[in-house]
A.B. asks: 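Structure below; questions to follow.
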Amino acid sequence: MSNSTITFDAIAQAQASKEVTANAYFDAASPATLFGRRQSTTSGLTWGYYGGTIMVDAVLAQIANGTLSLTASASNFIEATRAGVISNNTSAWTPGKIPLYIVVTGASTVTSYTDYRLTAFRRAGRLAKTMTDANTTLAANEERNEILEFTGTLTVQRNIVLPLGAQQWTVFNNTTGGFGLQFIGATGTGIVVAMGKRAIIYADGTNVVRVTADL
C-alpha cells in the first residue's frame, strides 16, 4: 500500500450522520491527544487538558481529563512527570519532566501558547555536550537522547545528573583532564565512567546503575 492511499472512510458532502463517522475518527485517534489542550474546559486562566493511557514501569496507567490554574501575566511551563502528573511553573522546564506547553498569559486570559508535545515521548539520537568544569543537570530535551557524549576539560570528577524514571542510555566520557564522570540522579546512588570510556547505564526509579563495565 502506498503512502498516498487513503485508509480512512471518507466523509461525503451528501452523507447523512456525518458526526457518527467523524466521532469514530476522533475515537480512533484519541490516544494521540494525551495531554492535549481541551478547549471545552479552557477558559480565562484555566487550562484544560485531555487524559489518556500512559506506560509507567511496564504498567498501563489511565490519566483522567483535568485542568490547571495558570499564573497571570507570565510564561507558564506546563509539564508532566513520567507517571502522568501534570503541573506548571513560571521559571523553566524541570529536568526529568516531559515538556507539554508554554502558555503565555495576560492579566486574565491566555494570549498565546506553544505546543511541545511532538517530542514529549520520543527518544532522540545522540547528544554531544561540551561541559563546563562543573556538575551538570541535563535538560529535558537532552536526557531524552539515547546516546550521551560529553567533552570538555575537568579538574575533578563531576556529576551528570539524570532523571530517575526508568530509562537506558549509552554514555561516553570523552572529556580530558583524567577524571571520571559520575552519572547519578537527584537522589540515590550513581556510577562512574572513566575518562575515554563508554558504558551502558540505566535508571531504575531509585538509582543509576550499570548494564556494562567501562569499555
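Count residues from 1 along the sequence. Computed from a predicted structure; not experimentally measured.
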A.B. asks: Would a distance-only check, ignoring hydrogens and angles, find a side-chain to backbone donor-acceptor pair under 3.5 Å from Thr42 to Arg38?
C.D. replies: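 Answer holds: yes.
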A.B. asks: Please answer whether the main-chain N or O of Val192 pairs with a side-chain N or O of Arg210 as donor and acceptor at a distance below 3.5 Å.
C.D. replies: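 Checked: pair present.
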A.B. asks: Is a donor on one side and an acceptor on the other found under 3.5 Å between the side chain of Asn174 and the backbone of Glu149?
C.D. replies: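 Such a contact is absent between Asn174 side chain and Glu149 backbone.
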A.B. asks: When the ring planes of Phe150 and Phe183 are compared, do they come out parallel, tilted or perpendicular, using 30° and 60° as the limits?
C.D. replies: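 It falls in the tilted class, 30° to 60°.
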A.B. asks: If only atom types and distance count, is the side chain of Asn23 paired as donor or acceptor with the main-chain N or O of Val20 below 3.5 Å?
C.D. replies: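 Such a contact is absent between Asn23 side chain and Val20 backbone.
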A.B. asks: Are side-chain N/O atoms of Arg117 and Tyr101 paired as donor and acceptor at under 3.5 Å?
C.D. replies: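 Distance-only check passes for Arg117 and Tyr101.
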A.B. asks: Pick from Ile160, Leu138, Ile201: which one makes a side chain to side chain contact (heavy atoms under 4.5 Å, CB included) with Leu148?
C.D. replies: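 When Ile160, Leu138, Ile201 are each tested with Leu148, the side chain to side chain contact (heavy atoms under 4.5 Å, CB included) holds only for Leu138.
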A.B. asks: Group every Ile, Leu, Val, Met, Phe, Trp and Tyr by side-chain heavy-atom contacts under 4.5 Å, then state whether Val193 and Leu154 land in the same group.
C.D. replies: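 Shared cluster, yes.
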A.B. asks: Among Asp115, Ile63, Ile78, find the residue that satisfies the side chain to side chain contact (heavy atoms under 4.5 Å, CB included) test when tested with Phe35.
C.D. replies: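 It is Ile63, the one option of Asp115, Ile63, Ile78 that forms the side chain to side chain contact (heavy atoms under 4.5 Å, CB included) with Phe35.
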A.B. asks: Quick one: do the Gln15 and Thr21 side chains pair a donor with an acceptor below 3.5 Å?
C.D. replies: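 There is such a pair between these side chains.
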A.B. asks: Sub-3.5 Å donor-acceptor pair from the side chain of Thr67 to the main-chain atoms of Trp47, do we have one?
C.D. replies: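 A pair under 3.5 Å: no.
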A.B. asks: Is any side-chain N of the basic residue among Asp214 and Arg198 closer than 4.0 Å to the acidic one's carboxylate O?
C.D. replies: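 No salt bridge links Asp214 with Arg198.
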A.B. asks: Run the numbers on Ile11 and Lys18 for side chain to side chain contact (heavy atoms under 4.5 Å, CB included), then give the verdict.
C.D. replies: CA-CA 7 Å; Ile11 299 176; Lys18 297 182 182 67; 3.8 Å; yes
A.B. asks: Does Ser30 offer a backbone N or O that forms a donor-acceptor pair with the side chain of Asp27 under 3.5 Å?
C.D. replies: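 No; zero donor-acceptor contacts below 3.5 Å.
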A.B. asks: Would you say Asn173's side chain and Thr175's backbone share a donor-acceptor pair under 3.5 angstrom?
C.D. replies: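 Between the backbone of Thr175 and the side chain of Asn173 there is a qualifying donor-acceptor contact (under 3.5 Å).
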